[in-house]
Amino acid sequence: MPRIPETTDAARSTGGPNAADAARAAGLLHEPILDWFEENARDLPWRRPEAGPWGVMVSEFMLQQTPVSRVLPVYEQWTARWPTPAALAADPPGEAVRAWGRLGYPRRALRLHAAATAITETHGGEVPEDHAALLALPGVGEYTAAAVASFAFGQRHAVMDTNVRRVFARAVTGVEYPANATTAAERRTAHALLPDDETTAARWAAATMELGALVCTARSPQCARCPVLAHCSWRLAGSPPHDGPPRRGQTYAGTDRQVRGKLLAVLREATGPVPQAALDAVWDEPVQRARALDGLVADGLVEPVADGVYRLPLTPAAPR
DNA sequence: TAAGCGTGGGC
DNA sequence: TGCCCAAGCTT
């Protein structure tokens, strides 16, 4: 059985396999992973042709740091209510925040609204196909730009989300987890593994993400179901546990973030402006409560109406 | 570069 | 039960 070569000294010094290693890995990994995807791809609404580029973009914003199962119902509501960027841009940003519901990170709703506005005003209402134009939109970073260009327009891009990074860390580099931040070595690996053909590359991006989401998971990976188990460098090395700095955790309890969430929940569920007293009720400590509210206002998620009265924003936030 | 930013499900 | 994690972006 052919296998991916042992990690070389050069690979260790650069934090990843060299181009030749990656090229060999590509020959071994492409077919099994693409075939596996053919059989195991989930039927997700944003993968259907009728989703279109706007549906893909909406899904990508919602899926940032948020599980598929929680996105599904909100995605259906959003795309039914706002089938085009222009439709979303025509409504107040606060409506986007309200419809975001409990997906979390509500600044994403604001940024998606701002992206819809930019698309309407400077791209004729059509989601741009160009990677650089996508990257320039609010809330669109390296991953989302590559994902929309790849999934909506079939272009050839290295799409590196947490799933893909983990799959490559294990299968190619031979470690359990990638580094906290994306490294240059990871980008080289991802590019070296990208199939030459545009259509195949786009499918490869979706396939590697799906493999990471369904089989090569962060905890308790289902290696017995893995199409490239025989070639996996991490597995061949004996599945060594993560060795290095701790993976970045997330604190939440007692933080401003928690208070912001409680405050915004009150405003989302209200039909109109909310008096200060209703907001004061959700958190006892006044200094932190005031700081959290100020932060929401500064972010454009909350708009002061009058003295001691607040609402979800009717107007876009002023640039800071 | 690292910290801040929500929420809820699974083990 | 707590802790870990989930298709990141911005400053």
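The figures that follow rest on heavy atoms only: side chains count, while hydrogens, waters and symmetry mates do not. Here is how names work: the chains are called A, B, and so on, in the same order as the sequence lines, proteins then strands, and each is numbered from 1.
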Quick one about A:Thr200 and A:Arg156 (side-chain donor to acceptor, distance below 3.5 Å, no hydrogens or angles considered), yes or no? no
Side-chain N or O of A:Gln64 closer than 4.0 Å to phosphate OP1/OP2 of C:dG8: no
Closest listed nucleotide, where the reference is the side chain of A:Tyr105 and the choices are C:dA7, C:dC9, B:dC5: B:dC5
In plain terms, say whether A:Arg289 and A:Asp284 are close enough for a salt bridge, that is, a side-chain N and a carboxylate O under 4.0 Å apart. no
Any side-chain N or O of A:Arg268 less than 4.0 Å from the OP1 or OP2 oxygen of B:dT7? yes
Rounded to whole angstrom units, what separation is found between the CG atom of A:Asp299 and the C1' atom of B:dG6? 13 Å
Any side-chain donor near an acceptor of the partner, A:Thr315 and A:Glu303, under 3.5 Å: yes
Could you check how far CG of A:Asn163 sits from C1' of C:dA6, rounded to whole Å? 9 Å
Rounded distance (Å) that lies between atom P of C:dC9 and atom CE of A:Met57: 11 Å
Where each residue is assigned the nucleotide of DNA chain B containing its nearest heavy atom, which of A:Gln65 and A:Ser220 is assigned the position nearer the 5′ end? A:Gln65
Once you round it to whole Å, what is the distance between P of C:dC5 and CD of A:Glu176? 9 Å
What's the CG-P distance between A:Asp161 and C:dC5, to the nearest Å? 15 Å
What does A:Glu142 touch in the nucleic acid at a heavy-atom separation under 4.0 angstrom: a base, only the sugar-phosphate, or nothing? sugar-phosphate
Pairing donors with acceptors under 3.5 angstrom, does anything connect the side chains of A:Trp234 and A:Glu176? no
What is the nucleic acid contact for A:Arg165, judged by heavy atoms within less than 4.0 Å: base, sugar-phosphate only, or nothing? nothing
Please measure how far the C1' atom in C:dT11 lies from the corresponding atom in B:dT7, and state the result in whole Å. 23 Å
Closest to side chain of A:Arg102, choosing from B:dT7, C:dA7, C:dG8: B:dT7
Side chain of A:Arg257 - closest among C:dA7, C:dC5, B:dG6: B:dG6
Measuring to OP1 and OP2 of C:dT11, would you say a side-chain N or O of A:Arg107 lies under 4.0 angstrom away? no
Over all strands shown, is A:Trp46 touching base, sugar-phosphate only, or nothing at heavy-atom distances under 4.0 angstrom? base
Interatomic distance where CZ belongs to A:Arg260 and P belongs to B:dG6 [whole Å]: 4 Å
Between A:Tyr105 and A:Arg111, is there a side-chain donor-acceptor contact under 3.5 Å, judged purely by atom types and distance? no
Under 4.0 Å between a side-chain N or O of A:Arg108 and OP1 or OP2 of C:dC9? no
Which residue lies toward the 5' end of DNA chain C, A:Arg111 or A:Met209, if each is placed at its nearest nucleotide? A:Met209
Does one side chain, of A:Gln222 or A:Thr217, offer a donor that lies under 3.5 Å from an acceptor on the other? no
Using a 4.0 Å heavy-atom cut-off, does A:Ala218 contact any base of the nucleic acid, only the sugar-phosphate backbone, or nothing at all? sugar-phosphate
Take atom OH of A:Tyr177 and atom P of C:dA6, then tell me their distance rounded to the nearest Å. 8 Å
Nearest-neighbour nucleotide for the A:Arg42 side chain, B:dG8, C:dA7, C:dA6 considered: C:dA7
Taking CG from A:Leu103 and P from B:dG6, how many angstroms apart are they, rounded to a whole number? 13 Å
Within the 4.0 Å heavy-atom criterion, would you say A:Leu44 contacts the bases, only the backbone, or no part of the nucleic acid? base
Does a side-chain N or O from A:Thr162 land closer than 4.0 Å to OP1 or OP2 of C:dC5, or not? no
Take atom P in B:dG4 and the same atom in C:dA7, then report the distance between them in whole Å. 23 Å
Is a donor-acceptor contact shorter than 3.5 angstrom present between the side chain of A:Arg219 and the base of C:dC5? no
Base, sugar-phosphate, or nothing: which does A:Thr255 touch, judged by heavy atoms less than 4.0 Å apart? nothing
So, A:Trp100 versus A:Trp78, ring centres under 6.0 angstrom or not? yes
Record whether the side chain of A:Arg70 comes under 3.5 Å of the base of B:dT7 through a donor-acceptor pair of N or O atoms. yes
Classify the side chain of A:Ser69 and the base of B:dG9 as holding, or not holding, a donor-acceptor pair under 3.5 Å. no
Contact nearer the 5' end of DNA chain C, comparing A:Arg47 with A:Val140: A:Arg47
